[in-house]
Peer 1: 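After the structure tokens below, expect a handful of questions from me.
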Amino acid sequence: MRVSQLLIPTLRETPADAEVISHQLMVRAGFIRKAAAGVYNFLPLAWRVVKKIEQIVREEMDRQGGQEIMMPIIQPAELWQESGRWDVYGPELFRLKDRHGRDFCLGPTHEEIITDLVRGEVSSYKQLPLLLYQIQNKYRDERRPRFGLMRGREFIMKDLYSFDRDEQGLDVSYNKMYAAYTNIFSRCGLVFRPVEADSGAIGGNDTHEFMVLAESGEATVVYCPAEPCGYAANSERAISPPDLPAGREEPAPVQEVSTPGSRTVEQVTAALKVGPDRIIKTILYETEKGMAAALVRGDREVNEIKLQKALDVLRLEIAGPEAVTKATGAPVGFAGPVGLKGMTVVVDTEVEAISNAVCGANKNDTHLINVNPGRDFSWHKCTDIRLVRQGFPCPNCSTPMEEARGIEVGQVFKLGTKYSKVLNAVYLDEKGISHPIVMGCYGIGVTRTIAAAIEQNYDQNGIIWPLAIAPFHVIVIPVSNKDELQMETAERIYRTLSEDGVEVLIDDRNERPGVKFKDADLVGYPLRITVGSKTLAEGKVELRHRRSGLVELLREDELTGRVRDIISAC
RNA sequence: CGGGAUGUGGCGCAGUUUGGCUAGCGCGCCUGCCUUGGGAGCAGGAGGCCGGGGGUUCAAGUCCCUCCAUCCCGACCA
């Protein structure tokens, strides 16, 4: 195709409203344009990349026995009410009514729809296992759409659902998808890492997220650097063995001490000359079931995902200053578990093991010392609610762990019978006995993968596409449009490569060479063929590699073979 | 949800404090000349209900009210 006829509106300046590099580059290089916050037009180049990724996804899904289908974007509220998620999903669900006033939503995901489909069509063990997938637009009314394609409100996702007789079958399906995802992201040329993850609102048991490692990632990954170990988890999920004292100290009597102005752990540490590991931090939360208190050691942070699970609540928000004062009788900074009433108390396993601890006294400018869990206060639940950070020991091998940022591009879930039970999707076995179908779901954010690929592949001049997902493989640039020999040569090369199946563009615009070179770098074509008088005099043309900047001087008759070799090597 | 900022040709911005006459600049776009190895030059041009609505005033891009949109930050570790 000809650059003169394609819509590739590149910009010289970085758009003012783009924050992350992938967003800036996709707008500047003419890939996307915004239609509304978190909603984008995909211009020809971007759409080609989408189709490339979709094709890789398709091939790997089909290879594992997946069957492609298409499900509706508009979904009836009844199904969501039946699964219970109409009320649970919250404001992220785009809701709408038809002219009769009936409720619908734009699908953020398709568990309900597909379970409904399958319950109607599958009734025998002979029809299982079944792997169905689609590549479809999804809608989530994000609290804060941002970062271009990374967190949009409309996005393209591949979602596959597996249906099996039992857990063993689910394991097989899960492993197939895990393998497929590894292939997909490898083929896309991405540096990624599968990590253990939290199952979140969708519900379920085992789950892994596929993280593309990048500074701009919104998720934190904690991993063990020790070679054979390989433990890696989303920090929402990560665990680490508790740091427990060797033995219990002799409990001393509780005592009030004056700590004027000492609200933070750091201040209390300084005022009372105790280590933060002796301090019990009491964080108050509001939930739909009332107030809750979370107790962690002074040198730890609360993992709200773990806490949410421990409390079994849907809404968990840290309490505001007024709520804290009302509940404890003291301003923020002096909350403590002793004598705390009217709320659910969850203590971290490390807190339970502290002797003669320090905590807030629920009284302004006052702390308590020599507090002993069990003796001086009780709790409703004692479990791991700590946030695991860099330096915490690995749960497998105790090596200090490290942290990295990641972009979640895929997730594999074992749903089990969560949806099949509530929606009554069952099959009959050989003996005619009815069982709920065992399900799994597996998503890949196609559009987010594009953003992730750019976050990992760019330089100061623009995007550097991995060959497998580049919008075009090669761009041919004649230096001067007025030079007949150059134009003829460029056109001939363009034709030959086209006929050879190479995805090639010719920049036939009547622009000065600098403009064409800048645009080519910005858009990020992996290969550039320059036809100019300098080299043509020796009967050669230039083949330049975008990533390395390496230039090869080749005769025209060597060119096609060389390009084909490079492309087929990917 | 809370806080902050911004909204002026396609893009990036100035002008708003202190109201005043034909609303500017750079880039891009169109025409012509010229030029052709890293975003050239000259000349001529097109393109703007100054986010919407309401108000104050002789007069509003500029002041007031209100709505909308967009971006950023925050949502409290006691």
Side-chain angles (χ1 to χ4, degrees), chain A residues 9-20 23-24 27-28 30 33-39 90-91 143-148 259 261-268 276 279-286 293-304 307 315-325 327-328 330-337 340 348 358-367 385-387 389 461-462 477-483 486-487 507 509-522 528 530-537 541-542 544 549 551:
Chain A
T10 56
L11 302 173
R12 297 200 181 203
E13 289 174 278
T14 302
D17 60 356
E19 180 80 350
V20 294
H23 187 197
Q24 291 175 356
V27 175
R28 258 199 81 194
R33 288 293 185 262
K34 185 170 63 185
V39 181
R143 161 166 48 180
R144 214 177 129 192
R146 57 178 161 179
F147 301 158
T259 52
S262 295
R263 294 161 182 278
T264 66
V265 168
E266 202 171 75
Q267 289 162 341
V268 174
I279 295 174
I280 298 174
K281 206 157 65 168
T282 306
I283 315 294
L284 269 47
Y285 287 89
E286 296 184 273
L295 274 57
V296 294
R297 232 167 62 175
D299 53 349
R300 305 300 197 216
E301 291 162 87
V302 175
N303 180 324
E304 293 184 352
L307 179 61
R315 191 174 74 86
L316 182 73
E317 277 168 45
I318 200 149
E322 310 84 40
V324 170
T325 309
T328 67
V332 171
F334 302 97
L340 200 59
D348 182 67
V358 174
C359 66
N362 299 323
K363 193 164 151 190
N364 194 17
D365 291 341
T366 312
H367 278 79
I385 53 168
R386 301 182 296 285
L387 185 68
R389 303 300 307 264
N461 294 313
I477 297 184
V479 169
S480 169
N481 272 47
K482 295 281 154 45
D483 186 307
Q486 285 181 34
M487 288 308 286
D507 196 343
R509 293 175 300 170
N510 186 20
E511 290 285 355
R512 294 168 59 84
V515 173
K516 300 185 194 177
F517 293 151
K518 287 287 185 190
D519 271 356
D521 284 352
L522 181 60
R528 184 181 95 195
T530 310
V531 183
S533 52
K534 275 204 281 193
T535 55
L536 217 47
V541 296
E542 265 175 46
R544 187 170 188 274
V551 174

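Keep in mind it's a predicted model, so treat the numbers as computed, not measured.
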Peer 1: Counting N and O atoms only, with roles assigned by atom type, does the side chain of E19(A) sit under 3.5 Å from a partner on the main chain of F147(A), one being a donor and the other an acceptor?
Peer 2: no
Peer 1: Quiz question: going by heavy-atom distance under 3.5 Å, is there a donor-acceptor pair between the base of G26(B) and the side chain of E13(A)?
Peer 2: yes
Peer 1: For G41(B), which nucleotide in any strand shown is its Watson-Crick or wobble partner with both distances under 3.5 Å?
Peer 2: C33(B)
Peer 1: Within the structure shown, what part of the strands sits under 4.0 Å from L284(A) by heavy-atom distance: base, sugar-phosphate, or nothing?
Peer 2: base
Peer 1: For C58(B), give its Watson-Crick or G-U wobble partner with both distances under 3.5 Å, or none.
Peer 2: G20(B)
Peer 1: Does A40(B) have its OP1 or OP2 closer than 4.0 Å to a side-chain nitrogen or oxygen of R512(A)?
Peer 2: yes
Peer 1: Give me the distance, rounded to whole Å, that separates G54(B) from U18(B) when you measure between the C1' atoms they each carry.
Peer 2: 25 Å
Peer 1: How close or far is atom C1' of G39(B) from atom CZ of R12(A), stated in whole angstroms?
Peer 2: 4 Å
Peer 1: So, OP1 or OP2 of C71(B): does either fall under 4.0 Å of a side-chain N or O from K34(A)?
Peer 2: yes
Peer 1: Between G47(B) and A23(B), how far apart are the two P atoms, rounded to whole Å?
Peer 2: 14 Å
Peer 1: Specify the separation, in whole Å, of atom CG of D17(A) and atom P of A5(B).
Peer 2: 19 Å
Peer 1: Given side chains that start at C-beta, do those of D348(A) and R300(A) come closer than 4.5 Å, heavy atoms only?
Peer 2: no
Peer 1: Rounding to a whole Å, what distance do you find between E304(A):CD and C76(B):C1'?
Peer 2: 11 Å
Peer 1: I'd like to know if E301(A) and R389(A) make a salt bridge, using a cut-off of under 4.0 Å between side-chain N and carboxylate O.
Peer 2: yes
Peer 1: Quick one: Q486(A) CD to G37(B) C1', roughly how many Å, whole number?
Peer 2: 9 Å
Peer 1: Out of G37(B), C73(B), U36(B), which has the shortest distance to the side chain of S480(A)?
Peer 2: U36(B)
Peer 1: Just checking G360(A): base, sugar-phosphate only, or nothing, at a heavy-atom cut-off of under 4.0 Å?
Peer 2: nothing
Peer 1: What is the distance, to the nearest angstrom, from the CZ atom on R28(A) to the P atom on G28(B)?
Peer 2: 13 Å
Peer 1: Could you check whether atom CZ of R315(A) has more than 12 heavy atoms from other residues, nucleotides or ligands sitting under 6.0 Å from it?
Peer 2: yes
Peer 1: Are the side chain of Q486(A) and the backbone N or O of V479(A) linked by a donor-acceptor pair below 3.5 Å?
Peer 2: yes
Peer 1: Could you tell me which nucleotide pairs with U6(B) by Watson-Crick or G-U wobble geometry, both distances under 3.5 Å, or answer none if nothing does?
Peer 2: A69(B)
Peer 1: When you compare A14(B) with C25(B), how far apart are their C1' atoms, in angstrom units rounded to a whole number?
Peer 2: 7 Å
Peer 1: When we call it a touch if two heavy atoms are under 4.0 Å apart, what does P321(A) touch: a base, just sugar-phosphate, or nothing?
Peer 2: base
Peer 1: When all nucleic acid strands are considered with a 4.0 Å heavy-atom cut-off, which category describes R386(A): base, sugar-phosphate, or nothing?
Peer 2: nothing
Peer 1: Can you tell me the base-pairing partner of C11(B)? Count Watson-Crick or G-U wobble geometry only, both distances below 3.5 Å, and say none if there is no partner.
Peer 2: G26(B)
Peer 1: Under 4.0 Å, heavy atoms only, any strand: does T535(A) hit a base, just the sugar-phosphate, or nothing?
Peer 2: base
Peer 1: What about R528(A), does its side chain sit under 3.5 Å from the base of G38(B) through a donor-acceptor pair?
Peer 2: yes
Peer 1: Whole Å only: how far is the CD atom of E19(A) from the P atom of C73(B)?
Peer 2: 6 Å
Peer 1: Take atom CD of E266(A) as the centre, draw a 6.0 Å sphere, and report whether it contains more than 12 heavy atoms from other residues, nucleotides or ligands.
Peer 2: no
Peer 1: Give the rounded distance in Å between these two atoms: CD of E266(A) and C1' of C77(B).
Peer 2: 13 Å
Peer 1: Does R144(A) make a side-chain donor-acceptor contact with the base of A75(B), cut-off 3.5 Å?
Peer 2: no
Peer 1: Rounded to the nearest angstrom, tell me the gap between atom CG in D519(A) and atom C1' in G28(B).
Peer 2: 12 Å
Peer 1: State which of C73(B), G12(B), G37(B) makes the closest approach to the side chain of V479(A).
Peer 2: G37(B)
Peer 1: Looking only at atom P, what distance separates G32(B) and G20(B), rounded to whole Å?
Peer 2: 41 Å
Peer 1: Which part of the nucleic acid, if any, lies within contact of A294(A), taking any heavy atom under 4.0 Å across all strands shown: a base, the sugar-phosphate backbone alone, or nothing?
Peer 2: nothing
Peer 1: Heavy atoms only, 4.0 Å cut-off, all strands: where does D483(A) land among base, sugar-phosphate and nothing?
Peer 2: nothing
Peer 1: Which nucleotide, in any strand shown, forms a Watson-Crick or G-U wobble pair with A46(B), with both distances under 3.5 Å?
Peer 2: none
Peer 1: What distance, rounded to whole Å, do you find between the two C1' atoms, one in C11(B) and one in C21(B)?
Peer 2: 30 Å
